[in-house]
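Written below as structure tokens is the structure these notes are about.
Every value quoted in this text rests on a predicted model; they were computed, and no experiment measured them. Lettering of chains follows the sequences in order, A, B, ..., and the numbering in each one begins at 1. What you see below is based on every heavy atom in this structure, not just the backbone, and it leaves out hydrogens, waters and symmetry mates.
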Amino acid sequence: MLRVERRPQPSRFWTWLTPPLAVAITMIAGGALFAALGENPVAAIRTIFWEPLFGEFAFYYRPQMLMKGAPLILIAVGLSLGFRAGIWNIGAEGQYIIGALTGAGVGLAFYPLDAWYIFPLMVVAGALGGWAWAMIPALLKIRFGTNEILVSLMLVYVAEQLLAQMSLGLLKNPDGFGFPGSRNLQDYAAAHNAEIIAGTGMHWGVVAALGAVIAAHVLLQRHILGFRVRLTGQAPRAARFAGVSPARLVLFCLGTAGALAGMAGMFEVSGPSGQVSIDFNVGYGFTAIIVAFLGRLNPLGILLAGLLMALTYIGGEIAQSDLGLPAAAIQVFQGMLLFFLLAVDLLTNYRLRLRTPEVAP
Amino acid sequence: MNLGHIDPALLLAALLVAATPILLAAIGELVVERAGVLNLGVEGMMITGAICGFAAAVETGSPGLGFLAAAGGGAVLALLFAGLTQFALANQVASGLALTLFGLGLSSLLGQGYVGIKPPPTPHLDLGPLGDLPFFGTVLFSHDIVVYLGLALVVAVWAGLKYTRSGRILRAVGENHDAAHALGYKVVRVRILAILFGGACAGLGGAYVSLVRVPQWTEGMTAGAGWIALALVVFASWRAGRVVLGAWLFGGVSVLQLNLQAAGVAIPVEYLSMSPYLITILVLVIMSANRSRAPGSLGRVFHASG
């Protein structure tokens, strides 16, 4: 009989080993899933994890990894601050949409002016949009004690409706022959989030994501605010005695996450996606939750986890076109990853022991 | 725009139908939360139930078997959550989110071959002369059996929690798991059973969406109903009777906005479609002033070693 025993301290060894272990288990379980769908499991796993990096067309897929990884990392870094402090913002998808709307809105308002300051203004507008959307659950939480999980999530659905309305109404391309969707920002140089070095996938969103990782790392390791975030997560009562204001922490964590998600949306709409359209959002805000946990809520871990998750997105697309694997299979795969991660996390905080028969003294 | 075409009797009848999925999911989640477990995976279990029920009903031609399969599918998914939170002692918020993400993916994978098919119709219960009553016949006595099952379940949960021994044990486990453990109650076993019950209820609610309310299968068709059900439990202050009121309120809002869309009110459709979510936020704000009724051990990990 196995016995579970609490560790006095979380194991450092397992803290770093559980994510790779979870990935390995997910590959096995995912292989079984692909086999059940009638695919060769080894070929499918190879297509997802090997082809984009070292396959024949890797020169095309490698830049894609940066493009898909950047929004995931940017959002996940913001979410991880709140998750550490026990503040659960799960509405990043909504903040991402609003950031894209405000960012693109500012850009389109200047059309067709050509000026250097348009793009920076769009970045600020995107961040502000996401921040403002995240302030709704934050203010409701500190003023009325409303559950931020449910409010932030409800606002995702509201944001999706708003996106539909904007792409059919206010932001619709006046020269678009009545089709829904805004002007394509890729054709508007002053507002285009173009690649900094052509062919590398390196756009301003990637720069922002790397900046966010470094800033969050410094914040958590060196700054009093980061210390307070960590303290509140580990010992809320102690944090209050130490003078940490819970309200200010809520504002900071939700606000930062919202601003980063909004920026991610803005970089996406002005770059890879190009236009505001009804199906603009593809669930990065939700996948970023997996990324944050897979990266152990640690900025550097999130960087690696974001790239890995981007790999599964791209590999999934290749498997879709080459092997005819359904798109939903990769979604299941990503969901499984979070499951296994949470399950093997038991080893970090607890020790498994074989039960020895107890003898009465 | 023509509001005169909205028939109040049909509106109220539609309200009962619209309220049923969230009512079922919410009453299940209420039991889970009274046992001290916060399962945020309701949306995932609902959508899984929706496709399991739809597929089973289409394959067998029997909506009854469909609903059974839906309850089973929801419970199986809930079992994953139970394993994570009760044995692997994982964080309940994260596990619930994982369940929802996984359920959304799984359902669209399972639903590949079922897009655009019509399910076998769920028959309306023939209540004889009651159904011919003016107004009340249409509003109350013209529904399928699941509508009544949902209401009966609420009464059963209310009575079960209040008057039966097992109901009291469940509440004890939810209020203070350490004390319940010290008294010799099997905390983990009680919680697993509650989680399974919650999963089955959510599955039923999901199948009601895909088999009766819509009736069709489309990806992500529950569209946040599971999250609204979670909000409903807070709204109800963890009391069974109030869940009905809340479900009717949300059913009413969603039916009313659909009718306003159909009547061609001069508000863009998207703004009307937002209303159920905005009302949910509003209600949460009003109700969250009083959190004192939340079960004491809600969301906390139980480990027998203390």
Side-chain angles (χ1 to χ4, degrees), chain A residues 3-6 33 37 83 86 88 90 136-137 140-141 143-147 149-166 168-169 283 286-287 289-290 292-293 326-347 349-350, chain B residues 38 40 43-44 80-81 83-85 87-91 93-112 219 223-224 227-228 230-231 234 268-281 283-291 301 303-306:
Chain A
R3 197 159 49 121
V4 179
E5 208 174 79
R6 193 192 294 273
L33 171 76
L37 291 167
F83 290 176
W88 300 93
I90 58 170
I136 302 172
L140 291 179
K141 185 177 174 72
R143 178 71 185 80
F144 302 103
T146 315
N147 184 323
I149 301 176
L150 293 171
V151 174
S152 65
L153 194 101
M154 285 295 137
L155 286 171
V156 174
Y157 294 96
V158 176
E160 281 179 347
Q161 295 295 335
L162 206 61
L163 173 71
Q165 165 60 23
M166 286 299 145
L168 293 168
F286 293 115
T287 312
I289 297 173
I290 306 181
F293 280 112
I330 207 70
Q331 217 182 330
V332 174
F333 193 81
Q334 292 174 345
M336 269 199 295
L337 183 55
L338 185 50
F339 260 132
F340 288 125
L341 186 73
L342 291 168
V344 293
D345 221 15
L346 176 71
L347 299 169
N349 294 312
Y350 296 85
Chain B
L38 179 66
L40 290 179
E43 178 81 3
L80 288 177
F81 177 84
L84 274 184
T85 56
F87 292 117
L89 306 175
N91 178 305
V93 174
S95 306
L97 289 175
L99 202 66
T100 290
L101 293 173
F102 180 71
L104 286 170
L106 184 69
S107 65
S108 51
L109 188 64
L110 292 173
Q112 298 265 312
E219 268 180 39
W227 295 103
I228 293 185
L230 277 162
V234 181
V269 173
E270 290 80 15
Y271 291 124
L272 287 172
S273 306
M274 279 177 202
S275 55
Y277 309 110
L278 291 175
I279 299 273
T280 306
I281 294 176
V283 163
L284 276 174
V285 169
I286 295 168
M287 294 310 297
S288 49
N290 174 23
R291 282 193 58 82
V301 171
H303 183 237
S305 74

What's the spacing between [X] [atom1] and [Y] [atom2] if we round to 0.5 Å?
| X | Y | atom1 | atom2 | value |
| --- | --- | --- | --- | --- |
| B:L104 | A:Q331 | CG | CD | 6.5 Å |
| B:L38 | A:N147 | CG | CG | 8.0 Å |
| B:I286 | A:F144 | CD1 | CZ | 9.5 Å |
| A:M336 | B:L106 | CE | CG | 9.5 Å |

Less than 4.5 Å apart, side chain to side chain, heavy atoms only: is that true for [X] and [Y]?
| X | Y | answer |
| --- | --- | --- |
| A:L33 | B:L109 | yes |
| A:L155 | B:Y277 | no |
| B:T280 | A:L150 | no |

Where [X] and [Y] come nearest, the two heavy atoms and their spacing:
| X | Y | result |
| --- | --- | --- |
| A:L346 | B:A88 | CD1-O, 3.2 Å |
| B:S108 | A:A328 | OG-CB, 3.2 Å |
| B:I281 | A:L140 | CG2-CD1, 3.8 Å |

Residue pairs fulfilling side-chain hydrogen bond (donor to acceptor under 3.5 Å, both in side chains) with at least one residue in residues 150-166 of chain A, sequence neighbours excluded: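 Counting only pairs at least two positions apart or across chains, the side-chain hydrogen bond (donor to acceptor under 3.5 Å, both in side chains) contacts touching residues 150-166 of chain A are A:E160-A:N281.
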Most contacts with chain B, counted as non-hydrogen pairs under 4.5 angstrom, among A:L338, A:I149, A:L153: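 Highest number of heavy-atom pairs under 4.5 Å: A:L153.
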Can you tell me which portion of [X] sits under 4.5 Å from chain B's heavy atoms? Options are side chain, backbone, both or neither.
| X | answer |
| --- | --- |
| A:L37 | side chain |
| A:L162 | both |
| A:L337 | neither |
| A:L168 | side chain |
| A:L342 | both |
| A:F286 | both |
| A:I290 | side chain |

Between [options], the one whose heavy-atom pairs under 4.5 Å with chain A are most numerous:
| options | result |
| --- | --- |
| B:G44, B:S107, B:P268 | B:P268 |
| B:G224, B:A231, B:P276 | B:G224 |
| B:L230, B:V93, B:T85, B:L278 | B:V93 |
| B:L101, B:L84, B:L110 | B:L84 |

Test side chain to side chain contact (heavy atoms under 4.5 Å, CB included) applied to A:I90 and B:W227, step by step: CA-CA 12 Å; A:I90 58 170; B:W227 295 103; 3.8 Å; yes
Portion of B:V283 that has a non-hydrogen atom of chain A nearer than 4.5 angstrom: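 No part of it gets close to chain A.
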Contacting moiety of B:F87, where chain A heavy atoms sit under 4.5 Å: backbone
Pairs flagged by salt bridge (Lys or Arg N to Asp or Glu O under 4.0 Å) wherever residues 329-345 of chain A is involved - sequence neighbours left out: A:R296-A:D345
